[in-house]
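Before any comments, here is the structure.
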Amino acid sequence: MNLRRDVFQAIADPTRRAILLLVASQSMTAGAIAANFNTARPTVSKHLQILTECELLQQEQNGREIYYHINAQKMKQVADFIEPFRAMWEDRFNKLETVMKNYKIT
């Protein structure tokens, strides 16, 4: 059964989020990524495959090594989706702060 990979299903997994954080600052090989986890390398490879299939990571071959790097455009789509929720919660916290400032303890 071939399931379509969804970005939000991919980032729901804490290991995949950790991988994204690792490669956010620099491109890394699968071996370098796997060295950061206490799991089998094939497990990390499966996570990399999922992140690549949903286009959060891109691969670039340099000689014999394949480097993974973040796809900023795809991450922006995730951020754009989340932005209205962030704005809503920020507004709610601002209103709560206003109420708390007006509340006097006697």
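Looking only at atom types and distance, the side chain of Y67 has no donor-acceptor partner in the side chain of Q59 under 3.5 Å away. Between the side chains of Q77 and Q73, no donor-acceptor pair of N or O atoms lies under 3.5 Å.
Residues A30 and L48 approach most closely at CB-CD1, 3.7 Å, considering heavy atoms. For C54 against K74, the heavy-atom pair with the smallest separation is O-CE, 3.2 Å. Nearest heavy-atom pair, R41 versus G31, reported as atom, atom and distance to 0.1 Å: NH2-N, 3.5 Å.
Among the candidates I33, L51, I50, the single residue satisfying the side-chain contact (heavy atoms from CB on, under 4.5 Å) test with L57 is L51.
Remark: side-chain polar atoms of T43 are not paired, donor with acceptor, to backbone N or O of T39 under 3.5 angstrom. Proximity of a side-chain donor or acceptor of S27 to a complementary backbone N or O of V23 within less than 3.5 Å is not detected. D6 places a side-chain N or O within donor-acceptor distance of the main-chain N or O of Q9, the cut-off being under 3.5 Å.
By the rule that hydrophobic residues join a cluster once side-chain heavy atoms approach within less than 4.5 Å of another member, I70 and L21 end up as members of separate clusters. Residues V99 and W89 are members of separate hydrophobic clusters, defined by side-chain heavy-atom contacts under 4.5 angstrom among Ile, Leu, Val, Met, Phe, Trp and Tyr. Residues I11 and F81 share a hydrophobic cluster, clusters being chains of Ile/Leu/Val/Met/Phe/Trp/Tyr side chains in contact below 4.5 Å.
Atom CZ of F8 has more than 12 heavy atoms from other residues, nucleotides or ligands within 6.0 Å.
Checked for salt-bridge contact, D80 and K76 meet the test: a charged N lies under 4.0 Å from a carboxylate O.
For the pair L56/N71, no side-chain contact is recorded, criterion being any heavy-atom separation below 4.5 Å from C-beta on.
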Evaluate the side-chain contact (heavy atoms from CB on, under 4.5 Å) criterion for residues Y68 and T29: first the C-alpha distance (whole Å), next the side-chain angles of each, then the deciding distance (0.1 Å), finally the verdict.
-> CA-CA 6 Å; Y68 292 88; T29 63; 6.0 Å; no

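One finds the CD1 atom of I66 at 5.0 Å from the CD atom of Q61 (value rounded to the nearest 0.5 Å). In this structure, CG on D13 lies 10.0 Å from CG on L20, to the nearest 0.5 angstrom.
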